[in-house]
Amino acid sequence: MGAHVARAQLRPSSEAPGLEWASGAPSALILDDITDPVRIRSILTTAAALGSPALLRRGETVMPLRLSRLDAATGCLHWTGPAVDVGACDIEIQGHHCIYRLHVTKDMRQADAWETPLPSRIIQVRRRAWRRAPAPGSLRVRLPLPGWLGRERSAVDLSLGGLSLRLAPSERLSVGRVLQPIELLTEDGQRLSLRGEVRHVSAGADETFHCGLQVTPLTRDDAEPWRALVTQALHPTTRADGALVEAHWRLFSDSGYFDLAGRSSERFEARRASFVALGKRVAGLEAVLSEVVWPSERGVEATLSIMKPYRSLWMVHQLARHQDGSRYERTRGRMLRDVYVRAVEHAQADSAFRWFAAYIESTVPFTHRVHVGFAERMAGTGRTCLLPMRMIDVECAHPSGQEDSGLELGPATDAERRRLVEELALTRPACYAEALDLRLETLDLEDAARPWVSRGLERERYVLVAREGLTPLAVAVLEVGPPGTNPFRLLDSARLFPLSERGRDAYPALLDEARRWFARRDRDSFTFLAEAPGDVEAAGLHDDAPEARPYLWIIPADLASEFLEHIHEQTAPRPLHPSEKELS
């Protein structure tokens, strides 16, 4: 399976931000014309399975609908709703963070149900930068308007960048008006101040008016409580505060996550303490990581974590779920859908977000459908990367046995760094070097490491070269990260790249020096990320899980919303073969 080139605009290294939680950025209207019959069927099947709300629009007529089913045999859509003669009309179906619009020219009515033919075209519409959720019923809003002293209104919905209210018939606001400070009163007595701008006012039910505001926290002290309030509204079924870290670890063992790649639970027990210690701190580490869990009365049913190992890349990892956890779901697939949505939207709240990635095991059916399936669906855009690789656990205490290689080993010179970057440009897709900070100006990893180090966490890169005389043969890019971030220690890694025809001859010596480098940082092992055929053998290593099929998966950040739509389609209720496992 080939790797595809992806490009995105990056800031110069000198402009790399720490953490910029974007909360008020406006979004242009985005339209996507969908004509692929398979894609159309998938969208409509998902809408029917999830009971997605829909609206019928014809002139001034607006009616609520539900798509009850798609008849695979006849290709007809079966709808339920008020029995009226509407004729040609438009129907809007709610997606995860979009509207799907289809046009109907003929129908067949039966009492309070009707049928329409499968459309040949659907328009996907995105109007906002941020997904909205219903506001807590207890949330009250006070606006800084003359005569409104003490007058409160209820919020209808909210997002990281917006808030909407229901106003009485006599209360009017003009589009463009700036309101400051807007005061929010929460159920627990908190008072938050926002700056708001009126973006739209429309007629609602019962002669009321619906007012939409673009909002931003007024002060730094308001920013975190506002974000926590919105996060709870958007993600009521999940948690990311680290309070369930012990149950989180037990899930890895109970779900079979530790058995991936031929490993056992016992092998990981020594790593439990660091995982738990870091997990208890996650509430203050949102700039670099988040650990999402889906809890139930028995503990943690599903989990997915996300971290920011590079300056503009967020990576999801350690997905696991109980095989019998579906009894806690109202609809099958909700656990996996919810943990993915929360993890991805965490990354989307960072304005420095440019790339989204994962190391995936493609033999797991769910992972294949979600990650490989999306990359294949988007392959024609040339903007995705699916790079086959091997992931080998290397023990620091077991050197290669080639003590005297006759090679000089040392840090890369400026010329050797340039040579490495040139080699990557020839052998890897463009997005690889950009996303993994393997360009000349980001090679030191200083910008990416800064938010980790400022929070007392390890993050370091070392570029090691093996030379024969004055000739560089090969390069090892070594990285270290906090041990508790992942049981498989994804951030303690080594990549090897040849710089000459005999470059692979230097791999055993480079890995021996890597063993010493990691041992000095109190690591007993690290992960060799072998990205080219034959690298494992050239390094003198053995693959304990040859049946595994891991990939490095990268997409640009602007496809993250489309990826979440894909997640919704893949997690909608559907028949599962008994042998399928929902692990990653």
Side-chain angles (χ1 to χ4, degrees), residues 32-58 61-126 131 134 237 325-338 340-341 365-366 368-370 373-374 377 561-578 580 582:
D32 188 17
D33 199 2
I34 301 172
T35 57
D36 177 20
V38 175
R39 178 92 176 100
I40 289 173
R41 280 180 174 269
S42 179
I43 290 169
L44 295 175
T45 300
T46 299
L50 298 179
S52 303
L55 289 176
L56 181 151
R57 295 184 182 275
R58 181 175 184 265
T61 302
V62 179
M63 296 187 303
L65 287 176
R66 289 279 179 180
L67 176 59
S68 57
R69 66 188 178 93
L70 188 161
D71 190 320
T74 65
C76 285
L77 305 177
H78 294 255
W79 306 85
T80 57
V84 298
D85 183 16
V86 294
C89 62
D90 290 318
I91 298 177
E92 295 180 348
I93 305 174
Q94 181 68 54
H96 166 66
H97 182 33
C98 69
I99 296 292
Y100 293 108
R101 183 183 297 155
L102 57 123
H103 185 66
V104 174
T105 57
K106 61 181 180 178
D107 63 3
M108 297 173 57
R109 181 162 305 286
Q110 296 180 356
D112 63 345
W114 56 294
E115 299 177 8
T116 63
L118 190 70
S120 60
R121 178 174 180 253
I122 289 179
I123 305 298
Q124 184 185 49
V125 184
R126 284 198 177 90
R131 183 170 65 92
T237 64
S326 59
R327 68 177 185 265
Y328 296 100
E329 301 173 303
R330 290 185 178 180
T331 58
R332 188 182 182 92
R334 183 173 181 179
M335 286 181 190
L336 295 173
R337 185 162 61 250
D338 287 355
Y340 262 96
V341 169
F366 175 77
H368 192 277
R369 295 199 316 269
V370 168
F374 186 75
R377 198 183 105 195
S561 292
E562 190 65 30
F563 177 65
L564 287 181
E565 296 291 338
H566 181 74
I567 289 284
H568 271 62
E569 294 171 26
Q570 296 303 315
T571 55
R574 67 184 186 92
L576 284 178
H577 190 278
E580 286 190 357
E582 303 294 359

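A quick note: this is a predicted structure, and the numbers were derived from the prediction, not measured. Keep in mind that the numbers below use all heavy atoms, side chains included, and drop hydrogens, waters and symmetry copies.
Considering only residues two or more places apart in sequence or on other chains, Pro134 meets the side chain to side chain contact (heavy atoms under 4.5 Å, CB included) condition with none of them. When the side-chain hydrogen bond (donor to acceptor under 3.5 Å, both in side chains) test is applied to His566, the partners found at least two apart in sequence or on another chain are Arg377. Checked against side-chain hydrogen bond (donor to acceptor under 3.5 Å, both in side chains), Thr331 has the following partners two or more places apart in sequence or in another chain: Arg337. The salt bridge (Lys or Arg N to Asp or Glu O under 4.0 Å) search around Arg121 returns Asp33, not counting sequence neighbours. Not counting sequence neighbours, the partners of Ala49 by the side chain to side chain contact (heavy atoms under 4.5 Å, CB included) test are Ala572, Pro573. By the salt bridge (Lys or Arg N to Asp or Glu O under 4.0 Å) test, Arg327 pairs with Asp324, sequence neighbours left out. Taking the side-chain hydrogen bond (donor to acceptor under 3.5 Å, both in side chains) definition, one finds that Asp36 meets it with nothing, sequence neighbours left out. In this view, Glu92 and Arg57, Arg101 satisfy the salt bridge (Lys or Arg N to Asp or Glu O under 4.0 Å) rule, not counting sequence neighbours. Residues forming a side chain to side chain contact (heavy atoms under 4.5 Å, CB included) with Ser120 (at least two apart in sequence, or on another chain): none. Taking the side chain to side chain contact (heavy atoms under 4.5 Å, CB included) definition, one finds that His96 meets it with Arg131, Val341, Glu345, Leu564, Glu565, His568, sequence neighbours left out. Residues passing the salt bridge (Lys or Arg N to Asp or Glu O under 4.0 Å) test with Asp90, sequence neighbours excluded: none. With sequence neighbours excluded, the residues forming a side-chain hydrogen bond (donor to acceptor under 3.5 Å, both in side chains) with Ser42 are Glu569, listed by chain and number.
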(request) Please step through side chain to side chain contact (heavy atoms under 4.5 Å, CB included) for the pair Trp114 and His78, ending with a clear verdict. (result) CA-CA 6 Å; Trp114 56 294; His78 294 255; over 6 Å; no
(request) Go through the steps for Leu118 and Leu77 under the test side chain to side chain contact (heavy atoms under 4.5 Å, CB included), then give the verdict. (result) CA-CA 6 Å; Leu118 190 70; Leu77 305 177; 3.9 Å; yes
(message) I'd like to know whether Ile91 forms a side chain to side chain contact (heavy atoms under 4.5 Å, CB included) with Val104, so could you lay out the CA-CA distance, the side-chain angles of the two residues, the decisive distance to 0.1 Å, and finally the verdict.
(response) CA-CA 7 Å; Ile91 298 177; Val104 174; 3.7 Å; yes
(request) Determine, step by step, whether Thr571 and Arg334 satisfy the side chain to side chain contact (heavy atoms under 4.5 Å, CB included) criterion, reporting the C-alpha distance in whole Å, the side-chain angles of both residues, the deciding distance to 0.1 Å, and the verdict. (result) CA-CA 7 Å; Thr571 55; Arg334 183 173 181 179; over 6 Å; no
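Distance check, rounded to the nearest 0.5 Å: CG of Leu44 to CG of Leu102 gives 6.5 Å. A distance of 8.0 Å separates CD1 of Ile122 from OH of Tyr100, quoted to the nearest 0.5 Å. Annotation: the span from Arg41 atom CZ to Thr46 atom OG1 amounts to 13.0 Å, rounded to 0.5 Å. With values rounded to the nearest 0.5 angstrom, Phe366 atom CZ is found 8.0 Å from Gln570 atom CD. Between the CZ atom of Arg369 and the CZ atom of Phe374 there is a distance of 15.5 Å, given to the nearest 0.5 Å. Atoms OG1 and CD1, on Thr35 and Ile40 in that order, are 6.5 Å from each other to the nearest 0.5 Å.
A donor atom on one side chain and an acceptor atom on the other are found under 3.5 Å apart for Thr116 and Trp79.
A donor-acceptor pair is defined here as one N or O able to donate and one able to accept, closer than 3.5 Å; no such pair exists between the side chain of Ser52 and the backbone of Gly95.
Taking each heavy atom of Cys98 and Gln124 in turn, the nearest pair found is SG-NE2, 3.7 Å. Annotation for Arg332 and Glu329: closest pair CA-OE1, 3.7 Å, computed over non-hydrogen atoms.
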